[in-house]
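Contents: one structure, followed by commentary.
Chain naming here is simple, since letters A, B, ... match the order of the sequence lines and numbering starts at 1 in each. These values consider heavy atoms only, across backbone and side chains, with no hydrogens, waters or symmetry-generated copies.
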Number of protein chains: 2
Amino acid sequence: MTEQQISRREQNKLETRRAIAQAALDLARTHGMGGFTAEQIADQANVSRRTFFNYFHSPEEALIVSTESFLDRAEAELAARPQNEPILDAMIAALAATTKVENLKDCGDLFRMAAGNPDLLGTHLLAWERAEARIISAVEHRLRDQASTLYVHALVGSLLSCAKAAMSEWASSETADSGNDNNDAQSLENSIVATLTMLRDGFSRPFS
Amino acid sequence: MTEQQISRREQNKLETRRAIAQAALDLARTHGMGGFTAEQIADQANVSRRTFFNYFHSPEEALIVSTESFLDRAEAELAARPQNEPILDAMIAALAATTKVENLKDCGDLFRMAAGNPDLLGTHLLAWERAEARIISAVEHRLRDQASTLYVHALVGSLLSCAKAAMSEWASSETADSGNDNNDAQSLENSIVATLTMLRDGFSRPFS
DNA sequence: GGTAAACTTGCACAGCGTGCAAAGTTGCAC
DNA sequence: GTGCAACTTTGCACGCTGTGCAAGTTTACC
């Protein structure tokens, strides 16, 4: 954890970005998806409509911040695994660790909201696609000359599909309990490990 | 192959739809992605802008027709496999057969165009997502009580990710040759079978 | 041929997304 | 602390998307 030198300018921008994302999330929860405009988000965050579009390309983009930090976390955790660890074990450990991310509940909400709104779903899928490209680069670098491009693309695509499946299942069966976030995080982790183990050992083994 | 009773109305609608999709594809090839509007597509297809939007929700949607028939084909081929065949062998055979689809080259173009245009990519990903949901239903029905929901979601997601990886690789290394489409189809089929075999047997086996 | 249903079209309108230039902030050197 | 350079916010204008609505046109069927 390197102590970053953050100028006042950077701080302000981060704070504005955070405020906009929070405003968008609040509006989505109160008005429902599709029930608000970029202008309303901007107003709620106390910036102009134009400034909103300086930070996000679309109203939907403002909602997927939690997923992006989840995916950033996955990438970082993977990079932190030892180089000699088998790639699939490294992936399982890395994805399991993502459940420690701060705003995990927001990710769940996002999955639920995206299920009912094509625009949001498309934006959400794009975020996963961008993360996939980054992880592919990292894995290609890690396995240089040990694996074909096709292998790496298929592997990373499947990895993220399995993670998505686990999160989707977890999100749809999430309790509305205010308490025990730990239980939730643990059950998600179990699902992720379960799907990735199938991936490692082959899907033709006995079904769980 | 059931002989369909198609009324004049249905014929006209199909023809209009085909004309619009073709116009969109032509414009994309000549003007490049993002270099044309819904109105231009409509003009080229000799319909009004409003009619264009009766057929497609967005300009991008008009471009992904070839991918949708590819995915429809995958779904149909899978449904046609014998019930007692192991699910992964059925999937491999079904996806391999999709390379016989008519407009395979258009699919390749689409992959290339989507790589450079987020809007088109998002729409493309949505089409795969919709197909995923349909295939999940089919597989859940086929494996009723033999597999958990999580298993089926992870499996089908991975299946399509592997197919996507194969198509993406194939599209990016496609020759501009006018001739031998068969060679192209065969090399795509080989890639698809290769990735799905990894999926069946587990990605921790020796890399190809 | 006439009628009902289905399809097309024009119009209007709300919202998205961006280029541009003017106004307001912040960082830094003196 | 003054002033300048770099950066950020904002308003404005503009073209495009996507949809409801009502009037016009085509098709099916009797």
Side-chain angles (χ1 to χ4, degrees), chain A residues 4-24 27-28 31-65 114 116-124 126-127, chain B residues 4-24 27-28 31-65 114 116-124 126-127:
Chain A
Q4 295 244 18
Q5 189 64 291
I6 294 188
S7 73
R8 178 63 179 278
R9 274 214 168 96
E10 309 284 335
Q11 273 185 51
N12 286 348
K13 284 186 73 169
L14 283 178
E15 173 54 26
T16 302
R17 189 180 173 80
R18 198 206 52 74
I20 293 175
Q22 188 58 55
L27 281 171
H31 292 57
M33 264 311 296
F36 56 95
T37 71
E39 187 146 25
Q40 286 175 268
I41 302 174
D43 286 350
Q44 180 123 346
N46 283 309
V47 294
S48 68
R49 192 181 82 102
R50 189 63 183 81
T51 296
F52 170 83
F53 281 111
N54 285 343
Y55 283 87
F56 297 99
H57 293 311
S58 67
E60 289 79 24
E61 284 251 315
L63 287 171
I64 60 165
V65 169
N117 185 280
D119 282 350
L120 182 56
L121 180 54
T123 305
H124 196 204
L126 270 179
Chain B
Q4 294 245 19
Q5 189 64 290
I6 294 188
S7 72
R8 178 64 178 273
R9 273 214 167 96
E10 309 285 335
Q11 272 185 48
N12 286 348
K13 284 185 74 170
L14 283 178
E15 173 55 25
T16 302
R17 190 181 172 81
R18 200 205 52 73
I20 294 175
Q22 188 59 53
L27 281 171
H31 292 56
M33 262 314 294
F36 56 95
T37 70
E39 188 145 24
Q40 286 176 265
I41 302 174
D43 287 350
Q44 180 122 346
N46 283 309
V47 295
S48 69
R49 194 181 79 99
R50 189 62 183 82
T51 295
F52 170 84
F53 282 111
N54 284 343
Y55 283 87
F56 296 100
H57 293 313
S58 68
E60 289 78 25
E61 284 250 314
L63 287 171
I64 59 167
V65 169
N117 185 281
D119 282 350
L120 181 56
L121 180 54
T123 304
H124 197 203
L126 271 179

Any Tyr55(B) side-chain nitrogen or oxygen under 4.0 Å from OP1 or OP2 of dC7(C)
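No, outside the criterion.
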Check whether Gln44(A) reaches the backbone of Ile41(A) with its side chain - one donor and one acceptor, N or O, closer than 3.5 Å.
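Such a contact is absent between Gln44(A) side chain and Ile41(A) backbone.
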Please check if the side chain of Glu61(A) supplies one atom and the backbone of Ser58(A) the other of a donor-acceptor pair under 3.5 Å.
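A pair under 3.5 Å: no.
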Salt bridge flag under 4.0 Å for residues Glu15(B) and Arg18(B)
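A salt bridge is present here (some side-chain N lies under 4.0 Å from a carboxylate O).
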Is a donor-acceptor contact shorter than 3.5 angstrom present between the side chain of Arg50(A) and the base of dT9(D)?
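When only heavy-atom distances are counted, Arg50(A) does not reach the base of dT9(D) through any donor-acceptor pair under 3.5 Å.
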Would you kindly give the [atom1]-to-[atom2] distance between [X] and [N], to the nearest whole Å?
X	N	atom1	atom2	result
Lys13(B)	dT26(D)	NZ	P	17 Å
Asn54(A)	dC16(C)	CG	P	15 Å
Leu27(B)	dC16(D)	CG	C1'	15 Å
Gln11(A)	dG27(C)	CD	C1'	14 Å
Phe52(B)	dG18(D)	CZ	P	8 Å
Glu15(A)	dT25(C)	CD	P	17 Å
His57(B)	dC16(C)	NE2	C1'	18 Å
Phe36(A)	dA14(C)	CZ	C1'	16 Å

State, to 0.1 Å, how close Pro59(B) and Phe52(B) come at their nearest heavy-atom pair, and which atoms those are.
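Reported closest heavy-atom pair: CA-CZ, 3.7 Å.
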Under 4.0 angstrom, heavy atoms only, what part of the nucleic acid is Asn12(A) near: base, sugar-phosphate, or nothing?
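Sugar-phosphate only.
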Kindly point out which of [options] is positioned nearest to the side chain of [X]?
X	options	answer
Ser48(A)	dT18(C), dG15(C), dG11(D)	dG11(D)
Phe53(A)	dT19(D), dT8(D), dG17(C)	dG17(C)
Arg9(A)	dG27(C), dT9(D), dT10(D)	dG27(C)
Arg49(A)	dG18(D), dT8(D), dT18(C)	dT18(C)
Thr51(A)	dT10(D), dT17(D), dC7(D)	dT10(D)
Ala38(A)	dC7(C), dC16(D), dC16(C)	dC16(C)

Could you tell me if the side chain of Tyr55(B) sits less than 4.5 Å from the side chain of Lys13(B), heavy atoms only?
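The answer is yes, as the side chains (C-beta and beyond) meet within the 4.5 Å cut-off.
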